[in-house]
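Right, one structure below, let's go through it.
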2 protein chains.
Amino acid sequence: MTGILLNVHVVIFSLREDALHVLLAPAQGKNWQLPAAELKPDEPLEEAAARAFAGQVDSRLAHLEQLYTYGEPRRDPRGRLVSVVYFALVPSNAGQASGKLCWFRMDSLPPLAFDHTGIVTYALHRLRYKLEYSAVGFQLLPAEFTLSELQHTYEIILGERLDKRNFRRRILEAGIIEKTAGHRTGEGRPASLYRYRLDAVAEVKARRLFP
Amino acid sequence: MTGILLNVHVVIFSLREDALHVLLAPAQGKNWQLPAAELKPDEPLEEAAARAFAGQVDSRLAHLEQLYTYGEPRRDPRGRLVSVVYFALVPSNAGQASGKLCWFRMDSLPPLAFDHTGIVTYALHRLRYKLEYSAVGFQLLPAEFTLSELQHTYEIILGERLDKRNFRRRILEAGIIEKTAGHRTGEGRPASLYRYRLDAVAEVKARRLFP
DNA sequence: AGAATAGTGTCTCTCAGACATTATTTG
DNA sequence: CAAATAATGTCTGAGAGACACTATTCT
C-alpha cells in the first residue's frame with residue numbers, strides 16, 4: 001500500500017425546525033466538511049462511521065448504511081485518499097450538536113471542502129429514493145408521532161406537497177404503523193399518536209411505499 | 001495507515017449457454033475467488049476494477065458500477081483487507097475467457113474463498129433489482145437482438161417465466177428499443193431484430209420497467 | 001363563536017396480469 | 001404439411017391520484 005490513505009466519512013441528516021439539516025465539521029479556511037474517522041486496524045467500517053460523530057450528538061443512531069466509496073486520485077490535494085462514505089439518520093427530537101460539529105440547512109449549505117458537496121447531494125438523492133420504497137422516514141421522527149408530523153417529514157424531504165387523504169390511506173394500508181393510546185394536544189383538535197411497528201420492517205423493505 | 005490493505009474486486013456476469021455465469025479466478029487449494037486488482041496510487045477505482053479482468057476477457061465492458069465496500073476485520077485471514085467491489089456485465093456474444101479466469105454457472109458455483117460467496121449473492125440481487133427498473137438487461141445482449149432473446153435474458157436472470165404478450169407490450173411501450181431492418185432466421189418464422197435506443201437511457205433509469 | 005388542526009370516502013383512470021389464436025418460415 | 005417460432009388484442013381487477021367536507025379542541 002504505497003501511500004494510499006483510507007478513511008470513513010458520514011453524511012448525517014436530521015430534521016430540525018421544519019427543514020432537513022446536515023451535520024458538518026469545520027475544515028480549512030472558511031470551509032466545512034463531512035465528519036470523518038480514521039479506520040482502526042481492528043474495527044468494522046460501521047463502527048468507524050459511528051465514531052465520526054460519537055459524543056458530538058446526543059442521540060442513539062437511528063439508521064446507518066453505506067452510501068458509496070469515493071476514490072478519485074485527485075479528490076483530496078493532500079494525497080491519495082479513498083473514503084468509504086456512510087449515510088446516517090438521527091431522530092429530530094435528539095441530535096443536539098456539541099463539540100465542533102454544527103447542523104446546516106440542506107437548502108443553504110456553506111462551501112464544503114473537496115468533493116463533499118457532491119457527496120451530500122448524492123446522499124439526499126438516496127434519502128429521497130429510499131423514502132419511496134422503504135421505511136426510513138420513520139427514523140427521522142421520535143418513537144411516537146402524529147400522522148401530520150409524518151406527512152410533514154415526507155414533504156420536507158421530497159420537497160413537494162402530498163395529499164392528506166392519499167398519504168394516510170397508503171401509510172395505514174401498508175400496515176407499518178399502529179395507533180397508540182396517546183394523543184398530542186396543541187392548537188386545534190388533538191391528534192392520535194402512532195408508533196412504527198418493528199415487526200413490519202422486513203416486509204416493507206421489499207415493496208415500494210410510494211410508487 | 002497501520003496495516004490496512006485496500007484492493008478492488010469485480011463480480012462479472014455474462015449469459016452463456018442459457019445460464020447466468022460469473023467469472024472467477026483460482027484461489028488457494030480447490031477454492032476460487034473473485035478477480036481482484038491492487039489499486040495503483042494514481043488510478044481511479046473503476047480503472048483498477050477494469051484491470052482485474054483486462055486481457056482475460058475479449059470484450060468491451062458493457063456495464064461497470066460500484067457494488068459495495070467490504071471491510072470486516074476478519075474477512076481475510078491474511079490481514080485486514082478492505083475491498084471495494086464492482087459489478088460488471090459482459091455481452092453474451094463476447095467474453096471468451098482466457099488466462100486463468102473461468103466462467104461458472106451461477107446455479108453451481110464452486111467453493112469460494114473468504115466472503116466471496118456472499119458478495120456474489122448480493123451482486124445477483126442487485127442485478128435482478130436493476131433489471132426491473134433500469135435497462136441493464138440489454139447490456140448482456142449483443143447490439144441487435146430479437147424480442148424472444150431479450151425475454152429469455154430476463155427470464156434467466158429473474159429465474160421465472162414471463163408472459164410473452166405482457167413482456168412485449170411493456171418493453172415496446174417503454175420506447176427504449178427500436179426495430180431494425182434485419183431479421184434473424186432460424187427454425188421457425190424469422191424474428192425482427194431490435195436495437196437499444198441510446199437516447200432513451202436517461203429517461204428509463206428514472207422509472208421502473210417492471211414493477 | 002371563531003380559529004386551528006384532525007380526520008374521513010368516492011370516483012376515475014391507468015396499468016399490471018391473465019389468457020389463445022393466427023402468421024410465417026424451414027425441412 | 002408438419003413442426004417450430006413470431007406476432008398480436010382484450011378483459012378484469014387493483015391501485016394511484018384528484019377532490020371537499022365534518023369533527024374536535026382551544027382561546
Side-chain angles (χ1 to χ4, degrees), chain A residues 18 128-129 131-135 137 141-142 144-156 158-195 203-204 206-211, chain B residues 18 128-129 131-135 137 141-142 144-156 158-195 203-204 206-211:
Chain A
D18 283 355
R128 283 185 173 154
Y129 185 67
L131 204 64
E132 291 178 348
Y133 74 92
S134 80
L141 287 170
E144 298 205 332
F145 49 85
T146 70
L147 288 179
S148 293
E149 289 165 355
L150 182 62
Q151 181 178 346
H152 198 196
T153 300
Y154 274 74
E155 288 176 339
I156 288 171
L158 296 176
E160 60 181 310
R161 300 293 309 253
L162 300 172
D163 180 85
K164 190 198 241 187
R165 282 165 293 187
N166 293 339
F167 181 83
R168 283 165 187 241
R169 169 165 31 102
R170 279 183 296 192
I171 289 285
L172 293 174
E173 281 178 358
I176 51 182
I177 60 177
E178 60 190 4
K179 203 180 276 207
T180 69
H183 286 267
R184 175 152 308 161
T185 61
E187 247 192 307
R189 170 174 170 178
S192 289
L193 287 172
Y194 287 78
R195 92 164 64 87
E203 65 185 274
V204 171
R207 269 274 148 244
R208 302 200 119 193
L209 213 49
F210 291 84
Chain B
D18 283 355
R128 284 184 173 155
Y129 185 67
L131 205 63
E132 290 178 348
Y133 73 93
S134 80
L141 287 171
E144 298 205 333
F145 48 84
T146 70
L147 288 178
S148 292
E149 289 164 355
L150 182 61
Q151 180 177 347
H152 199 196
T153 300
Y154 274 74
E155 288 176 339
I156 288 170
L158 296 175
E160 60 181 310
R161 298 294 307 251
L162 301 172
D163 180 86
K164 190 197 239 186
R165 282 165 294 185
N166 294 339
F167 180 83
R168 284 167 186 240
R169 169 165 30 104
R170 279 183 295 193
I171 288 285
L172 293 174
E173 280 177 1
I176 51 182
I177 60 177
E178 59 189 5
K179 204 181 275 205
T180 69
H183 287 267
R184 175 153 306 162
T185 61
E187 244 191 308
R189 171 175 169 176
S192 288
L193 287 173
Y194 288 79
R195 90 164 66 87
E203 66 183 274
V204 170
R207 269 274 147 241
R208 302 200 118 194
L209 214 50
F210 290 84

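Numbered from 1 within each chain, the chains take letters A, B, ... in sequence-line order. This one's a predicted model, so the numbers in the text were calculated from it and none came from an experiment.
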Could you go over nucleotides 25-27 of chain C and give all protein N or O partners under 3.5 Å, atom names and distances?
none

Self-check item: Length of the CG-P vector between B/Asp163 and D/dT8, whole Å
Solution: 14 Å
Quiz item: Can you check whether A/Ser192 has a side-chain N or O nearer than 4.0 Å to OP1 or OP2 of C/dG7?
Solution: yes
Self-check item: Candidate nucleotides D/dG9, C/dA16, D/dA6, ranked by approach to the side chain of B/Ser148 - the nearest
Solution: D/dA6
Practice problem: Could you walk me through whether B/Ile156 and B/His152 pass side-chain contact (heavy atoms from CB on, under 4.5 Å), step by step? | Solution: CA-CA 6 Å; B/Ile156 288 170; B/His152 199 196; 4.0 Å; yes
Practice problem: Mind calculating the distance between CZ (B/Phe167) and P (C/dA18) to the nearest angstrom? | Solution: 16 Å
Self-check item: Separation of atom CZ in B/Arg165 from atom P in C/dC15, rounded to whole Å
Solution: 20 Å
Would you list the protein and nucleotides 10-14 of chain D atom pairs, both N or O, that sit under 3.5 Å from each other?
none

Quiz item: Nearest-Å distance, CZ (A/Phe145) to P (C/dA6)?
Solution: 14 Å
Quiz item: Just checking B/Thr146: base, sugar-phosphate only, or nothing, at a heavy-atom cut-off of under 4.0 Å?
Solution: nothing
Quiz item: Between A/Lys179 and A/Tyr194, which heavy-atom pair has the shortest distance, and what is it?
Solution: CE-OH, 3.3 Å
Quiz item: Rounded to the nearest Å, what distance is computed from the NE2 atom of residue A/His183 to the P atom of nucleotide D/dT24?
Solution: 12 Å
Self-check item: Residue-phosphate contact under 4.0 Å: A/Arg168 side-chain N/O, C/dG7 OP1/OP2
Solution: yes
Quiz prompt | Closest to side chain of A/Lys164, choosing from C/dA6, D/dA20, C/dA16 | solution = C/dA6
Quiz item: Going through the distances and angles, do B/Leu147 and B/Ile177 end up as a side-chain contact (heavy atoms from CB on, under 4.5 Å)?
Solution: CA-CA 10 Å; B/Leu147 288 178; B/Ile177 60 177; 3.5 Å; yes
Exercise. Could you state the atom-to-atom distance from CZ of B/Arg170 to C1' of D/dT8 in whole Å?
Key: 16 Å
Self-check item: A/Arg184: partners by side chain to side chain contact (heavy atoms under 4.5 Å, CB included), with sequence neighbours left out
Solution: A/Thr146, A/Glu149, A/Leu193
Self-check item: Non-hydrogen atoms of B/Thr153 and B/Gly137 that approach each other most closely
Solution: CG2-O, 4.1 Å
Quiz item: So do the side chains of B/Arg168 and B/Ser148 get within less than 4.5 Å of each other, counting heavy atoms only?
Solution: yes
Practice problem: Using whole Å, report how far CD of A/Glu160 lies from P of D/dG17. | Solution: 10 Å
Self-check item: Gap separating the CG atom of B/Leu172 from the CD atom of B/Glu178, nearest 0.5 angstrom
Solution: 11.5 Å
Practice problem: Calculate, to the nearest 0.5 Å, the distance between atoms CD and CG belonging to B/Glu132 and B/Leu158 respectively. | Solution: 6.0 Å
Exercise. First locate atom CD of B/Glu144, then atom NE2 of B/His183, and finally report the distance between them rounded to the nearest 0.5 Å.
Key: 11.0 Å
Self-check item: d(CG, B/Leu172; P, D/dG9) in whole Å
Solution: 12 Å
